[in-house]
Novice: 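Just dropping this structure here.
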Amino acid sequence: MLFSELAELCGALGGTTKRKEKTRMLAGFLHRLEPEEIPSAILLIVGSVFPEFDPRALEVGWRTMRRVLEGGRQTTLIDEPLTITRVHRTLEEIAEATGPGSRRRKESLLEGLISRADPGEVEVLVRIVFGEMRIGVSEGMMLEGIAEASASSIKLVRRALMLTGDLGEVARIALEGGEEGLGRVSVRMFVPLKPMMATMSYNIAEALEEHGGRAAFEYKFDGARIQIHRRDDRIRVYSRRLTDVTESLPDVVDVVRGRIASEDAILEGEAVAVGGGGRPLPFQDLMRRFTRVHDIADMVEKIPLRLHFFDVLYLDGRLLVDEPYEARWRLLEGGCPEDLLAERLITGDAAEVEGFLKRALEEGHEGLMVKRLDGRDIPGVRGKGWLKVKPTETLDLVIVAADWGSGRRRGWLSNYHLAAGSEAGYMVIGKTFKGLTDEEFGWMTRRLQGLKARETETTVHVRPEVVVEVAFNEIQRSPRYRSGFALRFARVTRIREDKEPEDADTLGRVKELYDKQFQFKDRIIL
DNA sequence: ATTGTCTGCCCC
DNA sequence: ATTCTGC
DNA sequence: GCAGAATGGGCAGACAAT
């Protein structure tokens with residue numbers, strides 16, 4: 001099929017917000033595809049080129065794209081029109097270009113595509129390269145489309161995705177084999193499952209009530225999620241996004257080999273960096289271990305990891321996702337020594353939970369996970385079976401600049417540069433685009449434009465007058481901001497019309513809060 | 001050999 | 001990662 | 001209540017430029 005038809009579909013999908021309508025459009029389109037182009041088309045529509053677990057990446061971002069788009073190009077009339085297969089194949093070639101000269105090669109391949117595309121196709125190509133189609137169709141809607149097109153239940157389609165992690169493959173199976181084909185999909189060792197995710201909860205009482213008055217509470221660690229597949233001597237470690245990270249984490253492999261009794265299992269846990277005092281290190285330090293390729297042995301010593309397992313998805317030939325939480329935990333316990341398990345408390349007593357949360361925080365962890373005792377795993381969706389409770393702090397900060405938004409935020413100043421006062425003037429410690437409603441964005445845009453001091457193409461700098469209350473989870477060392485600090489997960493919780501900039505928090509206060517974090521965490525000096 | 005730029009379905 | 005919005 | 005969009009900081013790696 002021609003790529004122009006796919007581009008046209010994307011335009012139509014972006015033209016409606018109605019999900020039923022999108023589902024119908026997707027289903028109709030899927031029926032018209034040739035069997036061999038189904039996987040590529042599916043991936044392209046959701047703005048990707050490869051399935052999640054595939055390590056290939058385009059390595060083309062907006063800088064490269066801008067050079068290609070701005071570079072003089074002519075449309076060559078003798079070219080054949082682009083097909084879906086041709087586009088996908090070329091994108092694969094772009095990803096596969098590595099080594100000296102590869103950037104130039106990537107650019108010229110991309111230019112070849114762009115020069116053969118009409119304006120509508122260029123728009124879609126650009127979005128695919130950025131990995132974001134922004135047409136209201138992502139994985140979830142695509143699953144609906146696949147279900148509709150193959151007359152299969154959405155549950156079965158979702159399950160197949162959970163097990164394969166490959167949307168294109170799921171579509172192929174569904175359209176060729178229907179429910180029968182989907183039913184034959186089963187768990188495979190060394191094919192990572194999409195992990196289950198938690199919903200945010202704002203306090204313990206609410207979480208407890210949501211789960212019927214009694215639940216399991218586990219420490220929530222400030223680390224990285226890992227999924228471990230082990231069959232006999234073969235052990236592989238996968239990240240939350242299904243990337244194989246085994247080579248970076250030889251110490252994790254050793255722990256599994258040496259201390260886990262289960263020899264045919266898929267386990268889930270959290271890897272946390274620990275310091276000399278046995279307390280957790282900041283997340284920043286964990287990240288120095290995670291995607292490392294060079295000097296791995298050296299860093300294994302300098303930044304050791306600690307594992308906290310909390311789930312088993314498969315054991316000795318059995319997929320366990322339909323087993324209740326408690327049954328899975330018992331199986332986990334059976335093969336995993338106690339010190340490698342997440343700290344856990346089962347109770348219905350809110351006061352007891354408060355104490356447990358306090359302990360988690362005083363041991364340097366992030367908060368608590370709250371899990372339904374009879375909950376099944378529903379990997380791949382953010383279900384309400386798992387809740388997370390993380391306390392936050394706030395600072396009152398001054399907006400010193402704002403960036404123009406894009407997409408549905410076009411026309412609004414929607415990303416605010418937040419600063420704290422110091423002897424050297426206002427110093428930025430982060431940005432945020434979260435917490436305001438559409439109405440408030442409108443108000444803020446007008447307010448800030450009235451305070452404009454100077455502007456660039458993307459940013460309006462303003463006189464420091466608007467104070468906002470900003471919630472955050474952590475203060476990090478910043479290599480980017482001159483202030484030396486940055487907020488993690490900053491979001492506006494209140495517009496402080498009652499406060500003047502002089503009343504806002506100072507950089508001195510920020511430093512104080514930063515240092516206080518090490519009351520419960522270790523510090524590393526390399 | 002060193003430094004700078006760009007990228008990541010990165011990790012959170 | 002968090003937040004808001006349309007369905 | 002789900003699914004999607006809009007964007008955050010910081011890390012190592014890979015290649016390009018000097």
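Residue numbering restarts at 1 for every chain, and letters A, B, ... go by the order of the sequence lines.
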Novice: Could you work out which one of B/dC12, C/dC4, D/dA3 sits closest to the side chain of A/Met141?
Specialist: D/dA3

Novice: How is A/Asp222 classified with respect to the nucleic acid when contacts are heavy atoms under 4.0 Å: base, sugar-phosphate, or nothing?
Specialist: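 Here A/Asp222 touches no strand at all.
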
Novice: When we call it a touch if two heavy atoms are under 4.0 Å apart, what does A/Gln476 touch: a base, just sugar-phosphate, or nothing?
Specialist: sugar-phosphate

Novice: Is the phosphate of C/dC7 approached by A/Thr17 (side-chain N or O, under 4.0 Å from OP1 or OP2)?
Specialist: yes

Novice: Within less than 4.0 Å of OP1 or OP2 of B/dC9, is there a side-chain N or O belonging to A/Thr243?
Specialist: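 False: A/Thr243 side-chain N/O out of range (4.0 Å or more) of B/dC9 OP1/OP2.
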
Novice: Which nucleotide in the set B/dT7, D/dG10, C/dC4 lies at the smallest distance from any side-chain heavy atom of A/Ser478?
Specialist: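 Among the listed nucleotides, the one closest to the side chain of A/Ser478 is D/dG10.
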
Novice: In Å, rounded to the nearest 0.5 Å, how long is the span from CZ of A/Arg105 to CD of A/Glu93?
Specialist: 6.0 Å

Novice: Among D/dA16, D/dG8, D/dG13, which nucleotide sits nearest the side chain of A/Lys431?
Specialist: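 Among the listed nucleotides, the one closest to the side chain of A/Lys431 is D/dG8.
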
Novice: Between D/dA16 and B/dC9, how far apart are the two C1' atoms, rounded to whole Å?
Specialist: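 Comparing C1' positions in D/dA16 and B/dC9 gives a spacing of 26 Å.
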
Novice: Answer with base, sugar-phosphate or nothing: what part of the nucleic acid does A/Ala57 contact at a heavy-atom distance below 4.0 Å?
Specialist: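 Since only primed, P, OP1 and OP2 atoms lie under 4.0 Å of A/Ala57, the category is sugar-phosphate.
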
Novice: Any ion pair linking A/Lys194 and A/Glu52 (charged N to carboxylate O, less than 4.0 Å)?
Specialist: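 Yes, this pair counts.
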
Novice: Can you check the A/Leu26 CG to D/dA3 C1' distance for me, whole Å?
Specialist: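 It is 13 Å, rounded to the nearest whole Å.
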
Novice: Are any of the side-chain nitrogens in A/Arg306 or A/Asp251 under 4.0 Å away from the carboxylate oxygens of its partner?
Specialist: no

Novice: Classify the ring geometry of A/Phe441 against A/Trp412: parallel below 30°, tilted from 30° to 60°, perpendicular beyond 60°.
Specialist: parallel

Novice: Rounded to whole angstrom units, what separation is found between the NZ atom of A/Lys106 and the C1' atom of B/dT5?
Specialist: 15 Å

Novice: For the pair made of CZ in A/Phe290 and P in D/dC11, what is the distance, rounded to whole Å?
Specialist: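 Value for this atom pair: 15 Å.
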
Novice: Between A/Lys384 and A/Glu210, does at least one N-O distance fall below 4.0 Å, as a salt bridge requires?
Specialist: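 No, this pair does not count.
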
Novice: For the pair made of NE2 in A/His88 and P in B/dC9, what is the distance, rounded to whole Å?
Specialist: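 Atom NE2 in A/His88 sits about 14 Å away from atom P in B/dC9.
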
Novice: Using a cut-off of less than 4.0 Å, is there contact between a side-chain N or O of A/Asn473 and OP1 or OP2 of B/dC12?
Specialist: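 For A/Asn473, the contact criterion (side-chain N or O under 4.0 Å from OP1 or OP2 of B/dC12) is not met.
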
Novice: Any side-chain N or O of A/Ser239 under 4.0 Å from OP1/OP2 of B/dC11?
Specialist: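 Affirmative; the distance criterion is met.
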
Novice: If you only use heavy atoms from C-beta on, which nucleotide in C/dT5, B/dC6, D/dG10 is closest to the side chain of A/Thr437?
Specialist: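 For A/Thr437, the side-chain atoms sit closest to C/dT5.
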
Novice: So A/Leu242, base contact, sugar-phosphate only, or nothing? Heavy-atom distance under 4.0 Å.
Specialist: nothing

Novice: Side chain of A/Trp62 only, please: which of C/dT2, D/dG10, B/dT7 is the nearest?
Specialist: B/dT7

Novice: Using the six-membered ring of A/Phe518, assess whether NZ or CZ of A/Arg523 lies under 6.0 Å from its centre and within 45 degrees of the ring axis.
Specialist: yes

Novice: Please determine, for the side chain of A/His294, which listed nucleotide (D/dA14, C/dC7, C/dC4) has the closest atom?
Specialist: D/dA14

Novice: Rounding to an integer number of Å, can you tell me how far A/Glu247 CD sits from D/dA12 C1'?
Specialist: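 Rounding to the nearest Å, CD of A/Glu247 and C1' of D/dA12 are 16 Å apart.
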
Novice: Quick one: on DNA chain C, does A/Leu436 or A/Arg241 contact a more 5' nucleotide (nearest heavy atom)?
Specialist: A/Arg241

Novice: Measure from CE on A/Met444 to P on C/dC4 and round the result to the nearest Å.
Specialist: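 For the pair A/Met444 CE and C/dC4 P, the rounded distance is 13 Å.
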
Novice: Contact class for A/Gly101 vs. all strands (heavy atom < 4.0 Å): base, sugar-phosphate, or nothing?
Specialist: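 Sugar-phosphate: the residue A/Gly101, judged by heavy atoms under 4.0 Å, touches backbone atoms but no base.
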
Novice: Looking at A/Glu107 and A/Arg104, does any basic side-chain N land under 4.0 Å from a carboxylate oxygen?
Specialist: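 No, A/Glu107 and A/Arg104 are not salt-bridged.
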
Novice: Heavy atoms under 4.0 Å, any strand shown: does A/Ile378 hit a base, just sugar-phosphate, or nothing?
Specialist: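 The residue A/Ile378 makes no contact with any strand.
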
Novice: Give one of base, sugar-phosphate or nothing for A/Pro51, where a contact means two heavy atoms less than 4.0 Å apart.
Specialist: nothing

Novice: Measure the distance from CG on A/Leu281 to P on D/dG10 and round it to the nearest whole Å.
Specialist: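 Taking CG of A/Leu281 and P of D/dG10, I get 17 Å after rounding.
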
Novice: Between A/Arg488 and D/dG9, is there a side-chain N or O to OP1/OP2 distance below 4.0 Å?
Specialist: no

Novice: How is A/Ser48 classified with respect to the nucleic acid when contacts are heavy atoms under 4.0 Å: base, sugar-phosphate, or nothing?
Specialist: base

Novice: Counting any heavy atom closer than 4.0 Å, what does A/Gly131 reach on the DNA or RNA strands: base, sugar-phosphate only, or nothing?
Specialist: nothing

Novice: Taking pairing as Watson-Crick or G-U wobble with both contacts under 3.5 Å, can you name the mate of B/dC9, or confirm there isn't one?
Specialist: none

Novice: Hey, which of these two, A/Thr64 or A/Arg225, hits DNA chain B nearer its 5' end, going by closest nucleotide?
Specialist: A/Thr64

Novice: For B/dA1, give its Watson-Crick or G-U wobble partner with both distances under 3.5 Å, or none.
Specialist: D/dT18

Novice: Toward the 5' end of DNA chain C, which comes first, A/Met197 or A/Phe441, by nearest nucleotide?
Specialist: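 Its nearest nucleotide being more 5', the pick is A/Met197.
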
Novice: Looking only at the side chain of A/Arg63 (C-beta and beyond, no hydrogens), which of the listed nucleotides D/dC11, D/dA3, B/dT7 gets closest?
Specialist: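 Of all the options, the side chain of A/Arg63 is nearest to B/dT7.
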
Novice: Regarding A/Lys388, tell me which of base, sugar-phosphate or nothing describes its non-hydrogen contacts under 4.0 Å with the strands shown.
Specialist: sugar-phosphate

Novice: Identify, between A/Arg103 and A/Val46, the residue whose nearest nucleotide on DNA chain B lies closer to the 5' end.
Specialist: A/Arg103

Novice: For atom CD of A/Glu209, decide whether the heavy atoms of other residues, nucleotides or ligands shown that lie under 6.0 angstrom number more than 12.
Specialist: no

Novice: Among the candidates C/dT2, D/dG9, D/dC11, find the nucleotide nearest to the side-chain atoms of A/Lys390.
Specialist: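 Shortest atom-to-atom distance from the side chain points to C/dT2.
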
Novice: Regarding A/Tyr202, tell me which of base, sugar-phosphate or nothing describes its non-hydrogen contacts under 4.0 Å with the strands shown.
Specialist: sugar-phosphate

Novice: In whole angstrom, give me the gap between the P atoms of B/dT3 and D/dG10.
Specialist: 22 Å

Novice: A/Arg19 has an atom CZ; how far is it from atom P of C/dT5, in whole Å?
Specialist: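 Going from CZ in A/Arg19 over to P in C/dT5 covers 16 Å.
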
Novice: Any side-chain N or O of A/Arg480 below 4.0 angstrom from OP1/OP2 of D/dG10?
Specialist: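 Yes, because at least one side-chain N or O of A/Arg480 sits under 4.0 Å from OP1 or OP2 of D/dG10.
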
Novice: Where the side chain of A/Asp438 is concerned, which of D/dG13, C/dT2, C/dT5 is the nearest nucleotide?
Specialist: C/dT5

Novice: For a quick check of understanding: with a heavy-atom distance under 4.0 Å over all strands, which category does A/Arg127 fall into, base, sugar-phosphate or nothing?
Specialist: nothing

Novice: For A/Tyr219 and A/Glu363, does a side-chain donor sit closer than 3.5 Å to a side-chain acceptor?
Specialist: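 Yes, A/Glu363 and A/Tyr219 have a side-chain donor paired with an acceptor closer than 3.5 Å.
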
Novice: OP1 or OP2 of D/dA3 less than 4.0 angstrom from a side-chain nitrogen or oxygen of A/Arg158, does that happen here?
Specialist: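 Answer yes for this pair, as a side-chain N or O of A/Arg158 is under 4.0 Å from OP1 or OP2.
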
Novice: Between D/dA12 and A/Arg292, is there an OP1 or OP2 to side-chain N/O distance shorter than 4.0 Å?
Specialist: yes

Novice: Side-chain donor-acceptor pair under 3.5 Å between A/Glu469 and A/Thr493, yes or no?
Specialist: yes

Novice: Counting the atoms with a prime plus P, OP1 and OP2 as sugar-phosphate, which does A/Leu286 contact under 4.0 Å by heavy atoms, base, sugar-phosphate, or nothing?
Specialist: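 Nothing, no nucleic acid heavy atom in range.
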
Novice: Side chain of A/Ala486, heavy atoms from C-beta onward: which of D/dC15, D/dG9, C/dC7 has the nearest atom to it?
Specialist: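 Selected nucleotide: D/dG9.
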
Novice: Is any side-chain nitrogen or oxygen of A/Arg491 closer than 4.0 Å to OP1 or OP2 of C/dT3?
Specialist: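 Yes, such a contact exists.
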
